[in-house]
Amino acid sequence: MARILITSALPYINGVKHLGNLAGSMLPADVYARAMRLLGHEVLYICATDEHGTPAELAAQEAGLEVAEYCEKMHAAQKQAGADFKMSYDYFGRSSAPSNHKLTQHFARVLEDNDLIEERVSQQVYSNADGRFLPDRYVEGTCPNCAFEKARGDQCDNCGKLLDPIDLINPYSAVSGSHDVEVRDTNHLYLKQSEMSEKLRAWVDKAEGWPHLATSIAYKWLDEGLRDRAITRDLKWGIPVTDKEGNRRDGFEDKVFYVWFDAPIEYIAATQDWAADTGEDWESWWRTDKGADDVQYVQFMGKDNVAFHTLSFPTTLLGSGEPWKLVDQLKAFNWVTWYGGKFSTSQKRGVFMDQALAIAPSDYWRWHLMANAPESDDAAFTWEEFQAGINSDLANVLGNFVNRITKYTASKFDGKIPDGGETGEAESWIVKELQTRIPVLIDLYERREFRKAMAETRAIWAAGNEYLTQAAPWSHYKMDVDQAAVGVRTGLNLAVLFGIIAQPIIPDAAAKILDALNIPEKNRSWGFGDFAGIPDLIDAVPRGMEIAAPDVLFAKIEDDDVAGWTEKFGGKSE
RNA sequence: GGUGGGAUAGCUCAGCUGGUUAGAGCGCAGCACUCAUAAUGCUGAGGUCGGUGGUUCAAGUCCACCUCUCACUACCA
């Protein structure tokens, strides 16, 4: 049994996340964590809110709250949203936690000891009206290239040219609109990534099990040549920059670490907090000198995060010279798109986690987002596909299977798993199906091929329906009750199996199925071993045991629902 | 502009190192069944694999160029 450490990219604090964020990091990580636990592995799944940076300060300002208060509130909201979506985090931390302050400052210190950090002066736009330095993106003005009047400081939305905010004509603050802006010198700490490129490349060369998307992004940056990166910012909210004695570093009294420096460190700090909570040992997960050597570390993230996880964070860890655990497998996702565009928090395009649950149960979303996971390319979300997929896969194929077999048992066999009869051709057929499909399913989970794992799961459910057609207990019942009993018994055992394999994806419905069929908790794991026991699965549940027919598992999505949602959320083909 | 994806049945997508008549699900059309949420099963129709050239005995799969589309491009995260 392996020890598997799982992290999903930290959701940013400035609002409840939309379905694209969910589908690209938290959800697949959760499905993977659940599957690996069922296979008997020791799993630690860590996530947290990412709370620092300019957008957090601005969002707090807009909400009329102190930043700390705002983050507290939004952390609670995101934690709740995660719980509502059945995220099985072992710990959901906060990048603003004291543990992360301490650890981030520690990393900065050892990196500086290793001569990988140096102080440099750069020019940055300062807004007098806002009383703050502005990130490039928050400075707007006239594009020097095309004269577009609302060009952002980093790139012109009109002509697409990359810009330097200093080049903007008539610049103003995007925050307040004030033209009272000026360029000021500011000193910052730079992480000398350039000196690490050889080591990083060697490390990426050895990477196995990364999607093409991830390696190609990493190599692209390495090929272009890594630039040194400022790891501090002129902000109040964040992790203070300290000196060797732990006091505020001279000249950095109004500066904090850059959010992208401290955010991945929070993976470790959150593990420390988990350990403090549970009395467990965090070092055996993160320190290769303390037992983390045999840990398999898997990260989940959207493609925008790849560079930070393949280059910046490894620079921090490798550069420390300390024996930290680096990521083994990295699963990167594309985007879920919304009627031709991206989901957007700022433009309120798409569906957000809290709204989604007012529309449909979490199982529906979990299934749909995983069955259509944006693994090879951006994946389009449409209400019509959502409806068709849920109704077909969940309601018709799985839900109706469980319903038909349990109802029939209740009406003809007194609600008990029937005894009697001999297995025949139909049973041989379904056993053969399971013998080929279950190993494939497990393999797909282990390789984190989610779309295909969902398709295989569905295929197994569908095989159950085909089995019932072949066995046709309702036909035999008239002439030979024992013959019918075989079909019903096998069908019920299949329903159990279907619930068991559904657990990582649709935990609520799976629990309903397994509860109704009286399956004790300890018999719900994936103890398939070498798969030799598969033939026994069709007669595993004790004969004579009483079972219940669960209520309708999946209500169908009606055309009216789709029409209403389209109206409300503006999802419409253009 | 640079870089990296993607372009395959009406729709959403599989097709590893090139090799029999190009696959799945949905949708659609027939047929079967009647235990079930009018559910399920079977069968079938539907594709010059974005375009043009090339390499090869053989290309959806390799090469070149082109078109469309998406993303990334380091101070948003």
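Worth saying up front: this structure is predicted, and the values here are computed from it rather than measured. Residue numbering restarts at 1 for every chain, and letters A, B, ... go by the order of the sequence lines. Below, all heavy atoms of this structure are taken into account, side chains as well, without hydrogens, waters or symmetry copies.
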Item to check | Chi-based syn or anti call at B:G46, which uses purine or pyrimidine torsion atoms and a 90° bound | outcome: syn
Checklist entry - What does A:V259 touch in the nucleic acid at a heavy-atom separation under 4.0 angstrom: a base, only the sugar-phosphate, or nothing? => result sugar-phosphate
Checklist entry - Are A:F308 and A:F313 near enough that their ring centres are under 6.0 Å apart? => result no
Checklist outcome for this item: From the candidates B:U40, B:C75, B:C11, the one with an atom nearest any side-chain atom of A:E385 is B:C11
Item to check | P atoms of B:C16 and B:G60, separation to the nearest Å | outcome: 13 Å
Checklist entry - Which part of the nucleic acid, if any, lies within contact of A:A455, taking any heavy atom under 4.0 Å across all strands shown: a base, the sugar-phosphate backbone alone, or nothing? => result nothing
Item to check | Spacing of A:F386 atom CZ relative to B:G27 atom P, expressed in whole Å | outcome: 16 Å
Item to check | Distance in angstrom units between A:I547 CD1 and B:C35 C1', rounded | outcome: 13 Å
Checklist outcome for this item: Re B:G27: Watson-Crick or G-U wobble partner, both distances kept under 3.5 Å, found to be none
Next on the checklist: Rounding to an integer number of Å, can you tell me how far A:I430 CD1 sits from B:G41 P?
Outcome noted: 12 Å
Next on the checklist: Can you tell whether the side chains of A:E456 and A:R437 come within less than 4.0 Å, N to carboxylate O?
Outcome noted: yes
Next on the checklist: Measuring only the P atom in each nucleotide, how far is B:C13 from B:A7? A whole number of Å is fine.
Outcome noted: 10 Å
Checklist entry - If the C1' atom of B:G30 is compared with that of B:U12, how far apart are they to the nearest Å? => result 25 Å
Checklist entry - Would you say A:Q299 and A:W210 make side-chain contact, with heavy atoms under 4.5 Å? => result no
Checklist entry - Are any of the side-chain heavy atoms of A:W221 and A:V306 separated by less than 4.5 Å? => result no
Item to check | Ring center gap for A:H52 and A:F257 short of 6.0 angstrom | outcome: no
Item to check | B:C62 and B:C26, which share atom name C1', separated by this distance in whole Å | outcome: 34 Å
Next on the checklist: Counting only side-chain nitrogens and oxygens, does A:K452 get under 4.0 Å of the OP1 or OP2 atom of B:C13?
Outcome noted: no
Checklist entry - Which of these nucleotides, B:A74, B:A71, B:C75, is closest to any side-chain atom of A:P135? => result B:C75
Checklist outcome for this item: Taken to the nearest whole Å, CG/A:N372 to P/B:A24 is 18 Å
Next on the checklist: Could you tell me how far apart A:E456 (CD) and B:A24 (P) are, to the nearest whole angstrom?
Outcome noted: 14 Å
Checklist entry - Out of B:U34, B:U37, B:A77, which has the shortest distance to the side chain of A:F308? => result B:A77
Checklist entry - For B:U67, which nucleotide is its Watson-Crick or G-U wobble mate, given both distances must be under 3.5 Å? => result B:A7
Checklist entry - Who does B:G47 pair with, Watson-Crick or G-U, both distances under 3.5 Å? => result none
Item to check | Sugar-phosphate only, base, or nothing, as touched by A:A380 at under 4.0 Å among non-hydrogen atoms | outcome: sugar-phosphate
Item to check | Separation of B:C13 P from A:D393 CG (nearest whole Å) | outcome: 15 Å
Checklist entry - Cation-pi between A:K331 and A:F333: NZ/CZ under 6.0 Å from ring centre and within 45° of the ring axis? => result yes
Checklist entry - So, is A:Y258 near the phosphate of B:A77, with a side-chain N or O under 4.0 Å from OP1 or OP2? => result yes
Next on the checklist: Strictly by Watson-Crick or wobble contacts shorter than 3.5 Å, is anything paired with B:U40, and which nucleotide is it?
Outcome noted: B:A32
Next on the checklist: Taking B:C28 as the reference, what is the distance to B:A45 when you measure between their C1' atoms (whole Å, please)?
Outcome noted: 9 Å
Checklist entry - How far does the C1' atom of B:A32 sit from the matching atom of B:U69, given to the nearest Å? => result 45 Å
Item to check | Which residue lies more 5' along RNA chain B, comparing A:L398 with A:N334 via nearest heavy atoms | outcome: A:N334
Checklist entry - Does the side chain of A:K416 come within less than 4.5 Å of A:I547's, by heavy atoms? => result no
Next on the checklist: Rounding to an integer number of angstrom, what distance separates B:G50 and B:A22 when you compare their P atoms?
Outcome noted: 15 Å
Checklist outcome for this item: The nucleotide from B:A77, B:A71, B:A74 with an atom nearest the side chain of A:W221 is B:A74
Checklist entry - If pairing requires Watson-Crick or G-U wobble contacts with both distances under 3.5 Å, which nucleotide is the partner of B:C72? => result B:G2
Checklist entry - Of the candidate nucleotides B:A71, B:U37, B:G41, which contains the atom at the shortest distance from the side chain of A:F554? => result B:U37
Checklist entry - If we call it a pair only when both distances are under 3.5 Å in a Watson-Crick or G-U wobble match, what pairs with B:C16? => result none
Checklist entry - So what does A:G53 hit on the nucleic acid, given a heavy-atom distance under 4.0 Å: a base, only sugar-phosphate, or nothing? => result sugar-phosphate
Checklist entry - What does A:W260 touch in the nucleic acid at a heavy-atom separation under 4.0 angstrom: a base, only the sugar-phosphate, or nothing? => result base
Next on the checklist: Tell me if the side-chain of A:N403 makes a donor-acceptor pair with the base of B:A36, cut-off 3.5 Å, by modelled atom types.
Outcome noted: no
Checklist entry - Within this structure, what is the OH-to-P distance between A:Y219 and B:G2, rounded to whole angstrom? => result 24 Å
Checklist outcome for this item: Regarding the side chain of A:K303, the nearest nucleotide among B:C11, B:A71, B:U34 is B:A71
Checklist entry - Between B:C35 and A:R404, is there an OP1 or OP2 to side-chain N/O distance shorter than 4.0 Å? => result no
Checklist outcome for this item: Closest to the side chain of A:V552, out of B:U37, B:U34, B:C76, is B:U37
Checklist entry - Does B:C75 have OP1 or OP2 sitting under 4.0 Å from an N or O in the side chain of A:R229? => result yes
Item to check | Any A:R458 side-chain N or O less than 4.0 Å from OP1/OP2 of B:C26 | outcome: yes
Checklist entry - Looking only at atom C1', what distance separates B:A39 and B:G51, rounded to whole Å? => result 45 Å
Next on the checklist: Rounding to an integer number of Å, can you tell me how far A:R451 CZ sits from B:G6 P?
Outcome noted: 14 Å
Next on the checklist: For a quick check of understanding: with a heavy-atom distance under 4.0 Å over all strands, which category does A:D50 fall into, base, sugar-phosphate or nothing?
Outcome noted: sugar-phosphate
Item to check | Ring centre gap for A:H188 and A:Y258 strictly below 6.0 Å | outcome: no
Next on the checklist: Quick check: on RNA chain B, is the nucleotide nearest A:A379 upstream (toward 5') of the one nearest A:S392, or the reverse? Name the residue that is more 5'.
Outcome noted: A:A379
Item to check | Aromatic ring pairing A:F386/A:W565, orientation class (parallel under 30°, perpendicular over 60°, tilted between) | outcome: tilted
Checklist entry - Given B:A71, is OP1 or OP2 found less than 4.0 Å from the side-chain N or O atoms of A:K220? => result no
Checklist entry - Has A:Y408 got its ring stacked on B:C35, by the test of a centre gap below 5.5 Å and a plane angle below 30°? => result no
